[in-house]
Structure formats: structure tokens, C-alpha cells
Protein chains: 2
Amino acid sequence: MVQNIIVTVDVVLLTLRDERLHVAVQRRDKEPYNGQLALPGGYIHDNEDFDAEGSARRMLKDKTGIAAPYLEQLETFANSARDPRGWSVSVAYYALVAPESLSVGQLDLLPVDGLPVLAFDHNKLVAAAVQRVRNKAAYSSLACYLLPERFTLTELQHTYEKILGSRLDKSSFRRKISSLDFLEMVKDEVQAGRQRPAQFWKLKQGSLTIFDKLL
Amino acid sequence: MVQNIIVTVDVVLLTLRDERLHVAVQRRDKEPYNGQLALPGGYIHDNEDFDAEGSARRMLKDKTGIAAPYLEQLETFANSARDPRGWSVSVAYYALVAPESLSVGQLDLLPVDGLPVLAFDHNKLVAAAVQRVRNKAAYSSLACYLLPERFTLTELQHTYEKILGSRLDKSSFRRKISSLDFLEMVKDEVQAGRQRPAQFWKLKQGSLTIFDKLL
DNA sequence: GAAATAGTGTCTCTCAGACACTATAAA
DNA sequence: TTTATAGTGTCTGAGAGACACTATTTC
């Protein structure tokens with residue numbers, strides 16, 4: 001059995017900037033699609049990577065310097081038409097980071113709504129990631145990963161609102177969040193401003209908390 | 001760039017039998033894992049299959065004769081350790097069928113709880129599929145695909161109960177289902193028995209309906 | 001004091017769970 | 001009539017949405 005199949009990993013790196021979800025892209029410097037915008041990604045190195053998630057982390061590290069974002073497998077795109085070189089498989093991952101932690105190097109950040117045409121089927125990958133995030137955020141603590149480690153409840157609520165695209169009631173939101181008990185108060189740390197200071201919070205444990213739909 | 005990576009598709013075919021979820025497995029007749037139980041699956045044929053879902057359908061068709069079950073991509077398992085032949089990728093799918101439509105040929109049906117050790121990492125694939133089905137069934141019309149085309153509301157309720165592993169209230173269940181409006185009454189068709197006949201229903205359109213958690 | 005935002009209290013309306021009830025068949 | 005299951009009606013308690021209120025800072 002001889003297969004002639006290209007195996008790659010691509011990463012949809014999302015962050016929140018100027019009130020909207022943005023995705024990281026870079027201009028390709030080789031064929032195919034030379035000069036076009038594409039997601040960070042590349043071949044799996046079967047002599048170097050242990051698994052596909054490892055490949056994804058390597059690519060993120062190489063291209064953004066980010067070592068430990070929220071990272072999850074998205075979907076696999078595999079057919080004979082997506083790459084002019086032949087039958088190809090892309091195991092797609094998506095990653096979430098706080099805008100602060102992203103020093104844009106070789107990468108550009110573009111709003112996910114109204115993207116230009118990207119290389120390969122990368123527009124599809126972005127669409128799938130955005131749909132997944134919008135959907136999953138509605139019933140989980142996912143939104144926290146788009147914020148820095150410490151944040152206020154108002155910032156968290158605004159993050160949810162930007163992702164979901166709808167207003168949330170402050171009182172209901174706080175009731176829900178505090179009943180779920182996945183946040184930990186950062187003692188003695190508050191956000192100062194020209195008004196009443198806001199309490200800082202952070203995620204309690206590493207794992208994602210799932211709950212009933214917020215909206 | 002030369003890659004030495006095996007690319008396969010495996011299918012977790014699930015059905016409901018004797019009150020419990022069962023998975024279809026077959027005994028392997030070649031190395032590696034010769035003689036062990038494994039999921040139906042195999043190499044992607046890059047000269048024959050258009051995409052990975054096509055591969056999955058081909059394998060289902062070849063090994064079960066089933067042409068159009070509910071079929072969805074599950075997750076991709078890709079690392080250097082899962083196959084003794086080297087770095088390998090398995091794009092896993094799961095399929096749901098009514099027990100009636102399954103004429104067990106070369107396949108065995110085993111309860112998903114308490115499976116023996118399967119070849120490769122196939123126990124992991126089954127676990128992932130079962131978790132996905134149990135989770136997704138709670139907030140969608142997924143359970144309908146484990147029933148024949150026509151079914152009664154009581155049968156549907158029992159199907160949900162078997163998947164979710166908990167009792168549902170008849171009145172609440174019917175309120176919910178009818179408010180969601182994804183079922184169509186099969187006029188003049190009822191299930192006879194030694195008591196009041198039950199109305200038959202079927203899915204209205206092809207696509208899955210998503211709703212708030214049942215439980 | 002005013003302005004601005006953080007954070008809480010309370011009312012109401014909806015809806016899920018519980019459960020009793022009615023309906024329609026076979027024997 | 002009894003038995004068995006299909007299918008409906010009704011009460012209640014928990015919780016979400018709406019919104020008004022209090023709290024704490026800067027100026």
C-alpha cells in the first residue's frame with residue numbers, strides 16, 4: 001500500500017481586539033499560493049513531532065512565541081482538491097489568547113468577519129473555528145482564555161457579549177458566574193480607575209467548565 | 001519534504017440493542033494486530049476517495065452494506081505510537097443506525113461498556129464517540145437516528161433514556177419535543193398492541209435540530 | 001457635592017419537574 | 001370490567017430577565 005498524501009497541521013489563532021474577534025494570518029513565501037495570506041501551519045514532522053497537537057504547539061511557538069495558550073483540535077479537512085499538490089490532510093486546531101500576550105511578529109491580525117480570500121481552504125477553517133468558539137462560549141468558561149490571567153467581572157461580561165454578539169444582564173450574569181464557582185478572587189488586587197475599584201478574578205483550575213446556555 | 005505517514009479512516013458504528021449502546025467491531029485478518037478485534041476502517045485510497053467522509057462511507061458500505069446512516073466526523077488521532085508501522089493518522093468518524101437496519105455480517109456487536117481490548121487505540125475512539133453521542137443527544141435530535149424511520153414518542157423517550165442513563169418525565173418530554181417541531185406525524189399510521197394505539201412520527205427534515213439541554 | 005462604574009436586591013414571568021388525570025385499545 | 005399503555009392538564013418551585021437600588025472611587 002503506497003499512499004501519496006500530504007499531512008499538515010494548521011492553527012486558527014483567535015483573539016479579541018477592538019471589540020471583535022481577530023484571526024492571525026501570515027503571507028506565504030513559497031508555492032503553492034505564494035504571496036497569499038494563510039493560517040500558520042505546515043507539514044507534520046514525523047521525525048520530530050510526537051503527535052498532531054505537538055505539531056500545532058511547535059508551529060505556534062515558532063511563529064508567535066506563544067507557548068501555552070488554550071489549544072483544541074477543531075476538525076480535519078481532507079480531500080483531493082484543497083491543495084494543488086494532491087491529496088492532502090489538514091488537522092486543524094484553534095487557539096485562544098489574550099490580545100496582550102500577542103506580540104505580532106510575522107503575523108497579521110484580521111477581523112474574522114469580512115476576511116479576504118485566504119490560501120487553500122483556510123477561509124473554511126476560520127469559519128469553523130469561529131462557529132465553534134461562538135457556540136462553545138455560550139455554555140462554558142471558554143471566554144476566559146481570551147482575557148489575561150487576571151480580569152474583572154465586567155471585562156468578562158464584555159468578552160462574552162463580544163463573542164455572542166448580544167447584551168447580557170449584569171445581575172443575571174454575575175449570579176450565574178458566581179454560582180458556577182470556576183473563578184477565584186485575586187485577594188487585595190483591584191482595578192483602579194476614576195470610579196469604584198473592581199475586584200480582579202482568575203480561573204480556578206485549568207480545565208474548562210461547562211454549564212447551561214447563558215443566552 | 002518527504003513524509004512517512006500512514007493515513008487511515010476508522011468508523012465507530014453505534015446502535016442500540018438490548019437497552020444498551022453497542023459498537024460494531026470485526027476481527028482483523030492481517031498484521032498488525034492480526035486476530036484482534038478492531039473498528040471497521042482502513043487506508044484512505046487517494047486515487048479513489050474524494051474526501052475523508054467518502055472513505056468512511058466506502059468502508060461502511062463495504063463492511064455493513066449500510067449506505068446512508070447518520071455520519072459525522074469525530075476526532076483525529078495522530079501520533080507516532082498508535083501504530084507499530086510508524087507515524088499514523090486516523091480520521092475517526094462515528095455513525096448511528098437503527099438496530100433493524102443492521103444485518104450483522106462480518107461484524108460483531110459488543111456493548112460499549114466493558115469492551116475487551118481492541119487493536120490500535122480503538123478503545124479511545126469508541127470512548128470518544130460514546131461521550132460525544134451521550135453529550136450531543138442531550139441537546140439535539142440525534143437520538144432519532146438510532147431508531148427506524150417511523151417511531152412512537154414513547155420509543156423516542158426510551159431511546160433518550162437509554163443514552164442519557166436517566167429517567168425523563170413523559171409530560172415534560174412531550175412538551176419539549178412538540179414545541180421544537182422537528183417531528184412530523186405519520187398520518188393514519190399507528191402502532192397497534194394490546195392497548196391504546198400509539199401515533200407514529202418521523203423526522204421532518206434531514207438536519208439535526210439543536211435545543212436546550214433535556215436534563 | 002456630581003459623575004462614573006462596581007456590585008446587590010427584588011419582582012415577575014416562564015418553564016421544567018412532579019404527578020394526577022383522561023383516552024383507547026385488547027382480553 | 002380490568003389491564004395496559006397513550007396522551008393531556010395542572011400545580012408548584014427554581015431560576016432568568018428586567019431594572020432599581022446601594023457602594024466606592026475620582027474630580
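So that the names make sense, note that chain A is the first sequence line, chain B the second, and so on, each numbered from 1.
- Taking every side-chain heavy atom of A/R174 into account, C/dG7 is the closest of C/dA25, D/dG7, C/dG7.
- Considering only residues two or more places apart in sequence or on other chains, A/R174 meets the salt bridge (charged side-chain N to carboxylate O under 4.0 Å, His left out) condition with none of them.
- Following rounding to the nearest Å, B/Q157 (CD) and C/dA18 (C1') show an atom-to-atom distance of 14 Å.
- Distance CG (A/D212) to C1' (C/dA16): 12 Å, rounded to an integer number of Å.
- The residue among A/P197 and B/K176 whose nearest nucleotide of DNA chain C is located toward the 5' end is A/P197.
- Following rounding to the nearest Å, A/I177 (CD1) and C/dT8 (P) show an atom-to-atom distance of 14 Å.
- In this model, a side-chain donor or acceptor of B/R175 finds a partner on the base of C/dA16 within 3.5 Å.
- A cation-pi arrangement, defined by a distance under 6.0 Å to the six-membered ring centre and an angle within 45 degrees of its axis, is absent between B/R28 and B/Y33.
- Distance, A/E161 CD to D/dG17 P: 12 Å, rounded to whole Å.
- Following rounding to the nearest Å, A/L214 (CG) and D/dG17 (C1') show an atom-to-atom distance of 13 Å.
- Sequence neighbours left out, the pairs with a member in residues 201-215 of chain B that pass side chain to side chain donor-acceptor pair (under 3.5 Å) are B/D181-B/K204.
- With hydrogens and angles left out, the side-chain atoms of A/Q191 and A/E155 include a donor and acceptor closer than 3.5 Å.
- Residue A/R167 contributes atom CZ, which lies 19 Å from atom C1' of D/dA16 at whole-angstrom precision.
- Closest to the side chain of A/Q199, from the set D/dT25, D/dT5, C/dG7, is C/dG7.
- Contact of B/R196 with D/dA6 (side chain to base): a donor-acceptor pair of N or O atoms is detected under 3.5 Å.
- Residues A/Y93 and A/E53 bring no donor and acceptor atom of their side chains to less than 3.5 Å of each other.
- Sequence order on DNA chain C of the closest nucleotides to A/R194 and A/S172 puts A/R194 first from the 5' end.
- Regarding contacts with the backbone of C/dG7, every side-chain N or O of A/K170 stays at 4.0 angstrom or more from both OP1 and OP2.
- Between the C1' atom of C/dT5 and the CG atom of A/L153 lies a distance of 13 Å, rounded to the nearest Å.
- Both A/Q195 and A/D169 lie near DNA chain D, and the one whose nearest nucleotide falls closer to the 5' end is A/D169.
- Looking at A/S171, its side chain comes within 3.5 Å of the base of C/dG9 through a donor and an acceptor atom.
- Atom NZ of A/K213 and atom P of D/dA16 are 14 Å apart (whole Å).
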